[in-house]
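Remarks on the structure that follows.
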Protein chains: 2
Amino acid sequence: MSEPRRLTTRGAQRRAQLLEYATHRFAQTGYHPTSITDIVDGIGVGKGVFYWYFDSKETIFEEILRGAQKQLRTAQQLATAGTKDPIERLAQGVRASVIWSASNPDLVTLFDFAQTDERFSNLVRAGRTVLINDTAAVLREAIKARRIPPNDADLLAYAILGVSTQLTMVHFQKQEKSPQTIADVVVQFCLQGIGARQPTSV
Amino acid sequence: MSEPRRLTTRGAQRRAQLLEYATHRFAQTGYHPTSITDIVDGIGVGKGVFYWYFDSKETIFEEILRGAQKQLRTAQQLATAGTKDPIERLAQGVRASVIWSASNPDLVTLFDFAQTDERFSNLVRAGRTVLINDTAAVLREAIKARRIPPNDADLLAYAILGVSTQLTMVHFQKQEKSPQTIADVVVQFCLQGIGARQPTSV
DNA sequence: CAATATCTTGACCGGTCAGTCAATACTGTT
DNA sequence: AACAGTATTGACTGACCGGTCAAGATATTG
């Protein structure tokens, strides 16, 4: 295909169906072990259908990643919109990130893999850099306002990301903890970690 | 091969050479994209040599993982041996973990991948559980001694792991920060995160 | 009702890969 | 030197995979 195609309603649906099913299979079985044949067989169409809507296995995976990154960032922006206090914004952003991840295990799985594959690691890094910059900006605000002690904002942002992703993984492995519980622990740990005066209620 | 073979000195060396080179290639190129042919060609031997020393691509990878897990745990135990104070032990363990990771980027890369592959995720999880239990035990000590507020020790341990791994990744991506600097930030963030009274010198 | 664009089929192609194996070389022992 | 266990070779097998394409089905438009 290559150039953007004109899609009928039917075509747009088929394309969305391929994206959704491929996401699931990639997350379930892994990117490399999942063949295009697996995907089209699973949907019950011929192999050519896949190549009518996508250039390659690589590009569909990239599109899935980009979509997921956009989703996550939007969720964060929505959660923090309208809040002024930097510490509050931070807590809300972290909470939104944990909740979104808990609701999208397949996409989180794909992020994890993509990070380990040379073909996609740059894309993942780029998307993550955006999130880190968002977080670091809030942290710098907080430092300026003397709400937290001065420190390398980027490193703190990465630390917060690390806590979030790791504890989200725990939620996937042992269902017992609800996403809210996890989010509470993440927020508390991170606010204390950056040296915020009070764990702002929680 | 299957059953443990009797190896001559030469054989043991060849086996070690395969392990080392395979580790490097898997980390560099990825597990799936690296073929057995790539490995034996890189060493300059025939394909049969590989299957003389290992059952399959899967088993050599598992052996690499197990070895790395053992290495990391040993490093931690060595670092914390002889220290009584739980907070001190925690800090030393974290520091050792960061330093080890920084010195073994290939193995860290393999951990990351293995986690994302159904074939190996159980093994990774098992090894990580051991480390988590070690850390959680120290945390429980600290809670009992009222050095930190009561909290779910396992969750805290995972949070600490998350900070360590994420900031280690930062070190890999931007060389500018030394492992020691990274370790300092990790220790500070985590001690504050768990609510330890004073960031014990640092 | 053509004519045109969108969509679908599935056999096929060139290539790669994990793993096998019979033949051969090496090494130490008696 | 003869023997046996260890080590190495590399062509070969069977399977699979990403991607192509000519042919045909379906929908849209003038």
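Excluded from the calculations below are hydrogen atoms, water molecules and symmetry mates; all remaining heavy atoms, backbone and side chain alike, are included. Just so it is clear: chains get the letters A, B, ... in the order the sequence lines come, proteins before strands, and each one is counted from 1.
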Value rounded to 0.5 Å, distance of [atom1] in [X] from [atom2] in [Y]:
{"X": "A:Glu141", "Y": "A:Leu90", "atom1": "CD", "atom2": "CG", "value": "10.5 Å"}
{"X": "A:Ile60", "Y": "A:Thr23", "atom1": "CD1", "atom2": "OG1", "value": "7.0 Å"}
{"X": "A:Thr8", "Y": "A:Arg14", "atom1": "OG1", "atom2": "CZ", "value": "10.5 Å"}
{"X": "B:Ile160", "Y": "B:Leu131", "atom1": "CD1", "atom2": "CG", "value": "12.0 Å"}

Residue pair A:Thr29 / B:Glu118, side-chain donor-acceptor N/O under 3.5 Å: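 There is no such pair (donor and acceptor under 3.5 Å, judged by atom type) between the side chains of A:Thr29 and B:Glu118.
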
Residues from residues 21-42 of chain A lying under 4.0 Å of DNA chain D - heavy atoms: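 Those residues are A:Thr34, A:Ser35, A:Ile36.
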
Name all pairs fulfilling the ring-ring contact (aromatic ring centres under 6.0 Å, His included) condition that reach into residues 172-192 of chain A, sequence neighbours left out, sorted by first residue then second.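 Passing the test, one end in residues 172-192 of chain A: no pairs.
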
Tell me which pairs pass ring-ring contact (aromatic ring centres under 6.0 Å, His included) where either residue lies in residues 106-128 of chain B, with sequence neighbours left out.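 Counting only pairs at least two positions apart or across chains, the ring-ring contact (aromatic ring centres under 6.0 Å, His included) contacts touching residues 106-128 of chain B are B:Tyr31-B:Phe113, B:Tyr31-B:Phe120, B:His32-B:Phe113, B:Phe61-B:Phe113, B:Phe61-B:Phe120.
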
Taking the side chain of [X] as its heavy atoms from C-beta onward, which of [options] lies nearest to it?
{"X": "A:Arg6", "options": "D:dT6, D:dG18, C:dT6", "value": "C:dT6"}
{"X": "A:Thr8", "options": "C:dG19, D:dG19, C:dC7", "value": "C:dC7"}
{"X": "A:Tyr51", "options": "D:dG19, C:dT6, D:dT8", "value": "D:dG19"}
{"X": "A:Leu7", "options": "C:dT20, C:dC7, D:dA7", "value": "C:dC7"}

Salt bridge check, A:Glu63 against A:Arg15: does any charged N sit closer than 4.0 Å to a carboxylate O?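 The answer is yes: the pair qualifies as a salt bridge.
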
Polar pairs (N or O, both sides) under 3.5 Å between protein and nucleotides 9-12 of chain D?
{"from": "D:dT9", "atom 1": "OP2", "to": "B:Gly46", "atom 2": "N", "distance (Å)": "2.5"}
{"from": "D:dG10", "atom 1": "N7", "to": "B:Lys47", "atom 2": "N", "distance (Å)": "3.3"}
{"from": "D:dG10", "atom 1": "O6", "to": "B:Gly48", "atom 2": "N", "distance (Å)": "3.0"}

Write down the distance between [atom1] ([X]) and [atom2] ([N]), rounded to a whole number of angstrom.
{"X": "A:Lys57", "N": "D:dC16", "atom1": "NZ", "atom2": "P", "value": "15 Å"}
{"X": "B:Ile43", "N": "D:dT8", "atom1": "CD1", "atom2": "P", "value": "10 Å"}
{"X": "A:Ile60", "N": "D:dG19", "atom1": "CD1", "atom2": "P", "value": "11 Å"}
{"X": "A:Arg15", "N": "C:dT8", "atom1": "CZ", "atom2": "C1'", "value": "17 Å"}
{"X": "B:Phe61", "N": "C:dC17", "atom1": "CZ", "atom2": "C1'", "value": "18 Å"}

List the atom pairs, with distances to 0.1 Å, where a side-chain N or O of residues 35-48 of chain B and a protein N or O form a donor-acceptor pair under 3.5 Å, not counting sequence neighbours.
{"from": "B:Ser35", "atom 1": "OG", "to": "B:Asp38", "atom 2": "N", "distance (Å)": "3.0"}
{"from": "B:Ser35", "atom 1": "OG", "to": "B:Asp38", "atom 2": "OD1", "distance (Å)": "3.4"}
{"from": "B:Ser35", "atom 1": "OG", "to": "B:Asp38", "atom 2": "OD2", "distance (Å)": "3.3"}
{"from": "B:Asp38", "atom 1": "OD2", "to": "B:Ser35", "atom 2": "N", "distance (Å)": "3.1"}

Among residues two or more places apart or on two chains, list those pairs meeting side chain to side chain donor-acceptor pair (under 3.5 Å) that have a residue in residues 152-168 of chain B.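 Output for this query lists A:Lys177-B:Asp152.
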
Tell me which pairs pass side chain to side chain donor-acceptor pair (under 3.5 Å) where either residue lies in residues 120-139 of chain A, with sequence neighbours left out.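 Listed by first then second residue: A:Arg73-A:Asp134, A:Asn122-A:Arg125.
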
Taking side-chain contact (heavy atoms from CB on, under 4.5 Å) as the definition, give me every residue that meets it alongside A:Ala153, ordered by chain and number, with sequence neighbours left out.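 Once residues adjacent in sequence are excluded, the partners of A:Ala153 under the side-chain contact (heavy atoms from CB on, under 4.5 Å) criterion are A:Ala136, A:Leu139, A:Arg140.
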
side-chain contact (heavy atoms from CB on, under 4.5 Å) with B:Asn104: which residues, sequence neighbours excluded?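 Here the qualifying residues are B:Gln71, B:Trp100, B:Leu107.
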
A:Trp52 side chain N/O closer than 4.0 Å to the phosphate oxygens (OP1, OP2) of C:dC7?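 Looking at the OP1 and OP2 atoms of C:dC7, one of them is under 4.0 Å from a side-chain N or O of A:Trp52.
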
Please name all residues satisfying salt bridge (charged side-chain N to carboxylate O under 4.0 Å, His left out) with B:Glu20, sequence neighbours left out, ordered by chain then number.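 Once residues adjacent in sequence are excluded, B:Glu20 has no partner under the salt bridge (charged side-chain N to carboxylate O under 4.0 Å, His left out) criterion.
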
Can you check each nucleotide of nucleotides 22-30 of chain C against protein heavy atoms at under 4.0 Å and return B for base, S for sugar-phosphate only, - for none, in 5' to 3' order? ----SS---

Pull out every residue in residues 113-123 of chain B that has a heavy atom closer than 4.0 Å to any atom of DNA chain C, ordered by number, or say none.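 Those residues: none at all.
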
